[in-house]
Every structure is written in C-alpha cells, then in structure tokens.
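All values below were derived from every heavy atom in this structure, side-chain atoms included, with hydrogens, water molecules and symmetry-related copies excluded.
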Amino acid sequence: MDGTLLTTDKKINSTDLEAIRKFTSLGGKFTVATGRTIQTFEQYRNALDLKEPVVLYNGALIYDYETKETLYMNALPDNAKDVAMELLAKMPEAGGEVLRKDGTFVFRNNEYEQRHTDLCGIIPNYSEIEKIDCEGWLKVLFAMAPEEMPHMELLVHQMGCNTIDFVKSTDIFYEMLTHGVSKGAALDEYRRLNGMSDYTFVAIGDYDNDIEMVEAADLGVCPSNAAESVKAEADLVLTKSCDEGAVAELIEYIINQK
C-alpha cells in the first residue's frame, strides 16, 4: 500500500485505478498485501472493488471480504506479550499497538504511534499491555523516532527469540510477527487457495517488509522509489514511483508480455 499503490498523500492514483480495472476486465486477478487490519483496509477494498482475498497484518492473515471468511491465520505465540513487555521496559520512549482480528489496541501512545493511527484511520482501543488478552495477537507494531530504531534492533538481536520475527515497515515502525510470517509466506499460502495454483504471481513492493514477497513471486517488482534493499532483490525495477503510477506501469508491462 504505502509507497507502492498509495501516493505520498495516501490516495490511489487514478492512473493506477484505471489500469487495475483494465487488467481485471481482461481476466487478471488483482489483490493487495498490506500491514493493515481487516477494519482499516476495508475503505481501500471498496475503492478498488476487490473481489479476491486480501493479505493483511503483513502476512499473518488472508481474509475474504466477499464471504467474511478467514482463509489463513498465523497468530503470535503465547510468549509474545512477555517479549513486548521486556522491550517496552527497556525502551520507554517507544509507542505501540497490538493488532488482532477484532481491532487495534494501543498500549503506549507517542507522536509516532499517533501518526500511525491517524495515517490508517484507526479508531483504537487504549489499554495497558498487561491487560490485553494474549489470545489472537496477529502482530505488534512499535513506533519510534528513526534515530531510536537501531537501539530497538540491537535489543531484539540480544534477546534472540527464535519463535518471533521482527521487520521494519518504515523508518519509524518496527513490527513483531510469528517466526516465518511474512507477505512472502502468505503469497505461498495464497497459491494453495482454491483455483489459484495455476496462476502466475506478480508482486510489487517498496520496503523491507515486502522483500520476501518480491522474492516469492514469479516476477518480483518494485517502484522507482523503493528502498535499495528491495531493488537489490527485484527482478524488475520500474521507471515510475508510487506518485507517478508505478502499478499502472507494471500492469502495462504484463499486458504487453502477454
């Protein structure tokens, strides 16, 4: 979504939208892989008129809005709360939230966490982390100043928790997921959905949390504004950015190849 399908002012480029409609009218299938929740992605799902299941929570869930069914879910292990509490005790300046199927629970607010809730249009539940039921945690997002990120990464490395993975989704957001969960792993699960095994999968993303997906796709692509880490793994680096219609450029490339 951010940095790929959405422009920097968080809108869907009309050029991209027209290209998506053209692609689906020709028989292609289009969907989105995002860190957003069931609730916060719905506005985009409606704007895009998506018919296909969507990858949410950075790969922890595949959800079918048409049938209201969860097709795949991989929640955090029981020790996730203890890990999060230990990190928060060592980094009192970090904000954050727990994301579950039933909503978003902000356990510590700061300007970066507030930026995230504003960005995604979240109506959060505010609760101390100790009081958030540990059942069904799909991910934990930590929000902090860019200069604090290396300290968080060092703490995680020192803890060495082998049941949990961490990934940067921007320079201020650091996300905790079950070990092995990623948009790439979700793409592999997507191939197993009914009727999808014979499709060619093309994936486009711009940041670190997209790398596994770009690698797992039959064709991995990134916009011109992508992080260098993503460009290094992509099969194709587009000439256009998210503001210039990168998705439309990719769709035109696919149609021309066919």
Side-chain angles (χ1 to χ4, degrees), residues 1-6 12 16-17 19-21 23-76 99-101 136-139 165 167 169 175 177-223 226 230 233-236 238 246-247 250-251 253-255 257-258:
M1 292 289 291
D2 303 289
T4 304
L5 180 60
L6 298 184
I12 300 173
D16 286 340
L17 188 56
I20 292 165
R21 289 170 177 165
F23 180 69
T24 55
S25 73
L26 293 171
K29 294 182 181 292
F30 181 87
T31 193
V32 171
T34 176
R36 285 171 168 77
T37 68
I38 293 173
Q39 298 81 12
T40 59
F41 181 72
E42 189 150 19
Q43 59 175 315
Y44 298 107
R45 184 257 176 177
N46 294 335
L48 292 162
D49 192 28
L50 290 185
K51 304 300 183 186
E52 309 305 325
V54 179
V55 175
L56 299 164
Y57 304 90
N58 259 340
L61 189 84
I62 301 176
Y63 186 73
D64 190 332
Y65 283 91
E66 296 276 286
T67 63
K68 308 300 182 188
E69 289 181 279
T70 296
L71 305 179
Y72 165 78
M73 186 173 79
N74 196 341
L76 280 157
L99 294 93
R100 304 191 321 194
K101 279 184 66 176
W137 287 24
L138 292 171
K139 75 171 186 177
D165 288 342
V167 64
S169 53
E175 303 192 11
L177 298 158
T178 299
H179 178 64
V181 164
S182 69
K183 292 179 182 179
L187 189 153
D188 290 337
E189 293 293 335
Y190 211 104
R191 292 183 190 271
R192 301 185 182 99
L193 298 182
N194 186 37
M196 298 306 300
S197 59
D198 292 333
Y199 276 82
T200 298
F201 280 74
V202 180
I204 177 172
D206 74 293
Y207 209 74
D208 289 6
N209 59 319
D210 299 315
I211 290 175
E212 288 91 343
M213 179 182 69
V214 168
E215 292 176 326
D218 298 304
L219 178 68
V221 185
C222 67
V230 186
E233 303 302 329
D235 300 309
L236 175 65
L238 298 170
V247 172
L250 173 56
I251 288 172
Y253 173 86
I254 295 168
I255 291 172
Q257 290 296 307
K258 296 298 289 184

- Note, D2 side chain near R36 side chain (heavy atom, < 4.5 Å): yes
- Item | D235 side chain vs G220 backbone, donor-acceptor pair below 3.5 Å | yes
- List the steps, then state whether side chain to side chain contact (heavy atoms under 4.5 Å, CB included) holds for E233 with M213. CA-CA 10 Å; E233 303 302 329; M213 179 182 69; over 6 Å; no
- Task: Measure from the side-chain N and O atoms of N46 to the backbone N and O of Q43, and report whether any donor-acceptor pair falls under 3.5 Å.
- Result: no
- Roughly how far apart are R45 CZ and I38 CD1, rounded to 0.5 Å? 12.0 Å
- I would like to know whether L17 and L48 meet side chain to side chain contact (heavy atoms under 4.5 Å, CB included); could you show each step before the answer? CA-CA 7 Å; L17 188 56; L48 292 162; 3.9 Å; yes
- Under the side-chain hydrogen bond (donor to acceptor under 3.5 Å, both in side chains) test, residues paired with T4 that sit two or more places apart: D206
- Would you call T31 and Y190 a side-chain contact if the rule is heavy atoms closer than 4.5 Å? yes
- For the pair Q39 (side chain) and K101 (backbone), establish whether a donor and an acceptor sit closer than 3.5 Å, ignoring hydrogens and angles. yes
- What distance separates N58 CG from N209 CG, expressed to the nearest 0.5 Å? 4.5 Å
- With a 4.5 Å limit on heavy-atom distance, are the side chains of T37 and Y57 in contact? yes
- Query: Between E189 and R192, is there a salt bridge with N-O shorter than 4.0 Å?
  - Reply: yes
- Message: Within the 4.5 Å heavy-atom criterion, are T34 and L56 side-chain neighbours or not?
- Response: yes
- Query: So, do I204 and L238 sit near enough that their side-chain heavy atoms are less than 4.5 Å apart?
  - Reply: yes
- Qualifying residues under salt bridge (Lys or Arg N to Asp or Glu O under 4.0 Å), relative to D64, sequence neighbours excluded: none
- ring pair (Phe, Tyr, Trp, His ring centres under 6.0 Å) partners for Y63, two or more places apart: Y65
- Message: Working note: I20 + L5, criterion side chain to side chain contact (heavy atoms under 4.5 Å, CB included); need CA distance, chi angles, decisive distance, verdict.
- Response: CA-CA 11 Å; I20 292 165; L5 180 60; 4.0 Å; yes
- Taking the side chain as every heavy atom from C-beta outward, state whether M1 and F41 have any atom pair closer than 4.5 Å. yes
- Task: Indicate yes or no: at least one non-hydrogen side-chain atom of H179 is less than 4.5 angstrom from one of D165.
- Result: yes
- Message: Measuring only between side-chain heavy atoms, which start at C-beta, is V167 closer than 4.5 Å to K139?
- Response: no
